[in-house]
2 protein chains.
Amino acid sequence: MKTISENRAFGGVQGVYSHASEACGCDMTFGLFLPEEAEHEPVPVVWYLSGLTCTHQNAMEKAGAQAWAAQQGLALIFPDTSPRGADIADDEAYDLGQGAGFYVNATEGPWAPNFRMWDYLTEELPHRLFSAYPLDEGRQAITGHSMGGHGALTIAMSFPGRFRSASAFAPIANPSASEWGRKQFTAYLGADEAKWAAHDACLLMKKRGFDGPMLIDQGSSDQFLELLRPEALAEAAASARQNMIFRMQKGYDHSYYFVSTFMEDHINFHAEALYA
Amino acid sequence: MKTISENRAFGGVQGVYSHASEACGCDMTFGLFLPEEAEHEPVPVVWYLSGLTCTHQNAMEKAGAQAWAAQQGLALIFPDTSPRGADIADDEAYDLGQGAGFYVNATEGPWAPNFRMWDYLTEELPHRLFSAYPLDEGRQAITGHSMGGHGALTIAMSFPGRFRSASAFAPIANPSASEWGRKQFTAYLGADEAKWAAHDACLLMKKRGFDGPMLIDQGSSDQFLELLRPEALAEAAASARQNMIFRMQKGYDHSYYFVSTFMEDHINFHAEALYA
């Protein structure tokens, strides 16, 4: 694990680290905020998965989460959104290739060798983190924004017992039925839609749901509402009788101003579950 | 006044606007956060002046001030740090020219025609803001970071009665005795050091001080300590018996992680003065 930077923040440390990734076949970078409490004992963890075009850096700098995590004694993990590098496949579009991994294991060329964000985030990175840092593997929560909300919800539902709570800001909620999903799943997973189902929060909700509380915030003035399909998630969750708070926030858009506005609520929501 | 963007944030609106500036002879852009209360009545104002290389955008996105300003019902103004444009004088160094206006009126060529940030911030922009937005001109406070801390302190002390409180994060405290100051003052104001005195917080402190409370935060691990000279300000303020809280924050550096960590304290400090 290589240290890129460490800055004191809110009584703890905001670090950026990189490592050679087996899953992705390239160096991967992530941000980790450790609160002051981590000097003495392992602390609970909130994963934050970012959206299209983002790196580990955007949320770390703009979401304002450290203030609330420090108050609650929680660590924050900010992974990158895809493999990166000159040798890694890419596309001219902002929503395919580097910066747009969509949190799946690609099976189709040219993506298959490196675009394995599912394995990276659910196996490799946890293994590295919990052996290297004072983090409590038994107390994890997960959240994310947009494409990262999609990742957070699908990962949470796919690993029962791993996360005590899950939340999302304006998630891509139903990618199988959206151009933010169909395009990428076709490229990464192939044309057989049966293989997409494991990566669609609405379909997973209908099939198994999540064994903990969920919180979803969505701005009513989000410029991407038709691509996000929040109504499909609201319907699926209510039909499944999922323990979920779904909030339509009047006048908010898709930006980090929206995310930061409601970050305090999300961190406190996860803290309640993590300290229960 | 041209609207560049408006995003709902923390119950209010984070806007970015531009206008043709007479003082600077070019278009100038600024950020303005209006809390929800501004829908009903003029609200008190906190000015935030930014540091070297920054635009209006850095603090707006990374300082986390809106959360606390919204709680206190305060507006935030984020001006740019210099005139900008292809026709505006510049220098290859990051600390001279565009992005490095140092909050003075340049008298020397090639800077004199446009680098008039002092007049812009103390005359033109206030005039425009208070006539266009629901802001309470009678309740103003000012803060800033690094070069912006220098600007905040020198402007606060130069306009008695205008600002009820003043604060700074790691300010350039004694530019007449620092290479962050001597270089720029020589370029902008000329070699006669007598003309620099009006723009040195330590010299102003000894001469007249500030007629309200001041708060200074400085990281003990700041990589620029020798350029900032906080010890000179601490000495000058204590000698002047200035109403000031000066805090040396152990382990913090010069970054926005430092600024955001202590932003809540600064906003609350100004709120106490503005609502007294």
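Chain naming here is simple, since letters A, B, ... match the order of the sequence lines and numbering starts at 1 in each.
The structure places CZ of A/Phe258 at 11.5 Å from CZ of B/Phe10, a figure rounded to the nearest 0.5 Å.
Other residues, nucleotides and ligands contribute over 12 non-hydrogen atoms within 6.0 Å of the CD atom of B/Gln223. Annotation for B/Glu39: atom CD counts as buried by contact number, over 12 foreign heavy atoms lying within 6.0 Å.
Counting heavy-atom pairs closer than 4.5 Å to chain B, the top residue among A/Ala67, A/Gly251, A/Ala63 is A/Gly251.
B/Lys250 approaches A/Arg8 most closely through the heavy-atom pair O-CD, 3.4 Å. Among all heavy-atom pairs drawn from A/Met60 and B/Tyr257, the shortest one is CE-OH, 3.0 Å.
Proximity to chain A (any heavy atom under 4.5 Å) is shown, for B/Asn7, by both the backbone and the side chain. In this structure, the portion of A/Gln66 lying under 4.5 Å from any heavy atom of chain B is its side chain and not its backbone. With a 4.5 Å cut-off on non-hydrogen atoms, A/Glu61 touches chain B through its backbone and its side chain both. Both the backbone and the side chain of B/Ser260 have a heavy atom closer than 4.5 Å to some heavy atom of chain A.
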